[in-house]
Structure formats: structure tokens, C-alpha cells
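Only one structure is covered here, and it is reproduced in the block below.
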Number of protein chains: 2
Amino acid sequence: MMFSKACEYGIRAAVYVTLQSLEERRVSFNEIAKEIDSPIAFTAKILQQLTRNNIIHSVKGPTGGFEIEREDMDMVKLSMIVKAIDGDKIYTGCGLGLKECNAQKPCPLHDKFLDIRTDLRNMLESTSLFELATGLEVGLTYLKR
Amino acid sequence: MMFSKACEYGIRAAVYVTLQSLEERRVSFNEIAKEIDSPIAFTAKILQQLTRNNIIHSVKGPTGGFEIEREDMDMVKLSMIVKAIDGDKIYTGCGLGLKECNAQKPCPLHDKFLDIRTDLRNMLESTSLFELATGLEVGLTYLKR
DNA sequence: ATAATATAGGATATAATTGTCTTTTATTTG
DNA sequence: CAAATAAAAGACAATTATATCCTATATTAT
């Protein structure tokens with residue numbers, strides 16, 4: 001409703017990779033898709049995007065798979081994943097779809113949207129993969145169903 | 001980015017109808033589409049939905065068109081338009097696309113999303129068509145471009 | 001009543017998103 | 001080096017959202 005399906009899968013996949021990397025495990029896209037309950041081939045495409053954007057790391061061949069460095073778990077924020085997959089229209093776009101909508105020439109909802117979007121932006125820019133993975137690790141949150 | 005295109009057009013159309021009803025003018029969907037810069041036939045469909053949901057009122061035949069009663073301008077909130085067109089997934093759906101995501105079995109983003117969505121909901125439920133139309137009337141806001 | 005006008009409705013077209021399938025490329029292990 | 005494994009890449013298919021077109025229906029004014 002806010003993110004595309006691709007972006008939803010991308011976030012869930014990245015969080016799962018983070019969770020497993022905490023245990024030093026590389027994971028295949030087959031495993032990822034199974035564990036986050038997403039379509040395999042489609043998820044593979046999204047993982048490619050995340051890899052190209054240096055959000056996660058991929059290794060080919062046997063013993064290969066996806067992983068993320070310990071320091072990147074803190075560095076990578078949700079905003080980076082959203083930007084890589086959905087672009088930045090979530091920040092810049094007008095809530096009512098006007099091509100140019102700004103303080104000089106605002107749509108009727110401009111100011112009210114600005115507040116909400118600023119909150120959303122702050123949330124996305126301050127939430128790291130590590131933070132999300134730790135909630136999962138202790139069984140407080142879930143990635144499927 | 002948050003609403004469907006149909007919903008964006010729907011809100012803009014409803015605000016324009018409100019603006020014109022303040023001057024006792026009924027407006028055709030041709031005029032509406034022109035003034036909010038939207039595709040005519042598609043906009044007509046959306047106006048049908050708004051009419052069926054008793055958000056605006058339509059009159060057939062010559063001198064006909066769309067209008068909204070003075071009291072409805074205050075009564076109708078944005079939330080009603082959004083619900084009529086996009087349903088309530090904006091309130092109930094999980095930010096990461098999980099089928100069931102709630103306090104008992106939350107996704108990793110559940111709590112953070114809840115805050116933002118509550119703000120969005122409050123905004124939509126408290127903003128009336130009248131409020132939006134008056135901003136337009138005095139030239140502070142715009143419905144196209 | 002008839003002609004004109006405006007919304008309502010149905011069928012269809014186009015575009016974007018989501019999803020699948022097959023082949024290729026890189027890497028590791030025996 | 002050969003075989004096996006796993007991601008990368010490209011072509012294709014299905015679904016949903018967006019948009020158009022044509023006809024029907026209701027209403028008004030002459």
C-alpha cells in the first residue's frame with residue numbers, strides 16, 4: 001500500500017539475509033524465498049537489485065549465496081532499500097499526483113502530507129537492518145504469513 | 001505513491017466539485033477532467049464511484065452535472081473518498097505485505113508503521129472537502145500541474 | 001413528443017507490475 | 001580439468017491498474 005510488492009519482498013529478504021549473516025550463514029535465493037514466503041524467481045531479481053546497489057553481497061558457485069557484512073547491518077537503512085527498488089517518489093512525489101507540487105505551488109494536501117512524509121522518511125532513514133533482524137532473532141517479530 | 005491514481009483523481013475531482021458548488025455551479029465531467037488535468041473517461045468512472053457512495057451527487061440531462069450539498073462539504077472527510085476508491089488496505093494492510101500482521105504476530109516494522117499510519121488516518125479522518133476547497137478558493141493551493 | 005444534453009454502463013485497449021522459465025556465467029570441490 | 005552448485009541475465013507470461021470508446025438511460029427545454 002505504501003511500497004511496491006517488489007520492495008516489500010526486498011526488505012523482508014534483506015532482513016532475512018541479515019538474520020542469517022549474524023550466524024555466519026550464506027543463504028540461497030531458494031531458501032530466502034521459502035523463508036519469507038515469496039515467489040522464488042521474482043525474489044531472485046530483487047536480490048540482484050540489492051546486490052547491484054551494494055546493499056547485500058552475493059557469492060556465486062557452491063558454498064555461495066547472499067550475505068551482508070556485520071558493519072553494513074548497521075550502515076544499511078531501510079531508506080536505502082526503498083530507494084534502490086521504488087526510487088524516491090515516496091519522498092518527492094505529490095500525494096495528489098501533481099507533477100510539480102511544492103511550497104510555492106502546493107496542492108491542497110501539501111502541508112498535511114509533508115508532516116506525515118517527514119515522519120516516514122525519518123523512520124526509514126533511522127531504521128537499520130540490524131535493528132530489524134534482532135527483533136526477529138529473539139522471536140518478537142516474523143517475516144512470513 | 002500512497003493512493004492509487006484513481007484515488008488521486010477522485011480526491012482532486014471531489015475538491016473541484018466542492019469549490020464550484022460553493023458558487024452554486026453544477027459541473028460536467030468534461031469540465032472536471034479539464035480543470036484537474038485528468039483523463040476524461042477514467043475520471044467519469046471515478047465520479048460514478050463517488051456518486052454511488054453518496055459522496056457527491058449527480059444530476060442527469062441538460063443543466064445536470066455533479067454537485068455537493070453544503071452540509072456534505074463538512075461531513076465528507078478524505079477518509080471516505082479513500083475508502084470508497086482504494087478500500088481500507090491503507091489502514092489495515094501490513095507494510096511488508098504479510099497476510100496477517102498484528103500485535104500478536106507483528107512484522108519487524110509493525111510498530112513503527114502503526115505510528116505513521118495512525119497519523120495518516122487521523123489526518124484523513126479530520127480533513128473535510130470544505131477545508132480543502134477554501135484553500136483553493138483564496139488561491140493558496142492548486143489542483144493541476 | 002422530440003431533440004439536445006449529460007451521466008451510467010459495458011466492452012475493450014494499453015501500460016505497468018508481478019511472476020515464471022530457460023540459458024548463461026562464475027566458482028568451488030573432487 | 002570436470003562436475004556440481006549457485007547467482008546473473010534475458011525472454012516471456014499473467015495479472016492488475018490505467019485509460020479509451022461506444023451505447024444506453026435519464027432529464028430538460030422547446
Side-chain angles (χ1 to χ4, degrees), chain A residues 1-14 16-17 20-21 25-34 36-68 82 85-87 89-90 93 96-97, chain B residues 1-14 16-17 20 25-34 36-68 82 84-87 89-90 93 96-97:
Chain A
M1 62 115 211
M2 200 149 218
F3 304 136
S4 67
K5 230 79 182 76
C7 193
E8 291 176 358
Y9 297 148
I11 294 173
R12 278 152 63 193
Y16 182 73
V17 171
Q20 294 306 317
S21 283
R25 289 189 67 236
R26 281 187 190 144
V27 283
S28 68
F29 54 59
N30 284 285
E31 176 180 340
I32 295 172
K34 191 180 171 195
I36 70 171
D37 191 28
S38 67
I40 298 180
F42 191 47
T43 304
K45 299 284 186 199
I46 298 159
L47 287 163
Q48 277 181 47
Q49 289 188 70
L50 296 182
T51 301
R52 281 196 218 101
N53 283 273
N54 297 310
I55 287 166
I56 59 179
H57 184 222
S58 79
V59 178
K60 280 188 174 182
T63 78
F66 297 89
E67 66 186 2
I68 178 168
V82 173
I85 299 177
D86 282 349
K89 61 181 185 307
I90 196 169
L96 294 188
Chain B
M1 63 114 210
M2 199 151 218
F3 304 136
S4 68
K5 230 81 182 76
C7 194
E8 291 176 357
Y9 297 148
I11 294 173
R12 278 152 64 191
Y16 182 74
V17 171
Q20 295 304 318
R25 291 188 64 237
R26 279 185 192 147
V27 283
S28 68
F29 54 61
N30 285 285
E31 176 180 340
I32 294 172
K34 190 180 170 194
I36 70 170
D37 190 27
S38 66
I40 298 180
F42 191 48
T43 304
K45 299 287 185 196
I46 297 160
L47 287 163
Q48 276 182 48
Q49 289 188 69
L50 296 182
T51 302
R52 281 197 218 100
N53 283 274
N54 297 311
I55 288 166
I56 58 180
H57 183 223
S58 79
V59 179
K60 281 187 174 183
T63 77
F66 297 91
E67 66 186 3
I68 179 168
V82 173
I85 300 176
D86 283 348
K89 61 181 184 312
I90 196 168
L96 294 187

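So that the names make sense, note that chain A is the first sequence line, chain B the second, and so on, each numbered from 1.
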Counting only side-chain heavy atoms from C-beta out, which of [options] sits nearest to [X]?
X	options	value
A/Ala41	C/dT7, C/dC21, C/dA11	C/dC21
A/Lys5	C/dT28, C/dG19, D/dA7	C/dG19
B/Lys45	C/dT29, D/dA9, C/dG9	C/dG9
A/Lys60	D/dT27, C/dG9, D/dA7	D/dA7
A/Pro62	D/dT18, D/dA8, D/dT5	D/dT5
A/Thr63	D/dT18, D/dA8, C/dT28	C/dT28

When the side chains of residues 54-63 of chain A are checked against the rest of the protein, which donor-acceptor pairs come out under 3.5 Å, sequence neighbours left out?
residue: A/His57; atom: ND1; partner: A/Glu67; partner atom: OE2; Å: 3.0

Give the ring-plane orientation class for B/Tyr9 versus B/Phe42, where under 30° counts as parallel, over 60° as perpendicular and anything between as tilted. perpendicular
Do any side-chain nitrogens or oxygens of [X] fall under 4.0 Å of OP1 or OP2 in [N]?
X	N	answer
A/Tyr9	C/dT18	no
B/Arg52	C/dT7	no
A/Gln48	D/dA9	yes
B/Thr51	C/dT7	no

B/Leu47 or A/Phe3, whichever maps to the more 5' nucleotide of DNA chain C: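 Per heavy-atom nearest nucleotide, the more 5' residue is B/Leu47.
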For B/Arg26, answer base if it contacts any base atom (sugar-phosphate contacts may also be present), sugar-phosphate if it contacts only those atoms, and nothing otherwise; contact means non-hydrogen atoms under 4.0 Å. nothing
With sugar-phosphate meaning primed atoms plus P, OP1 and OP2, does B/Phe29 contact a base, only sugar-phosphate, or nothing at under 4.0 Å between heavy atoms? base
A/Ser4 side chain to A/Asp86 backbone, donor-acceptor under 3.5 Å: no
Note: A/Glu31-A/Lys34 ion pair, threshold 4.0 Å (strictly below): no
Interatomic distance where CZ belongs to B/Phe42 and P belongs to D/dT16 [whole Å]: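 Value for this atom pair: 16 Å.
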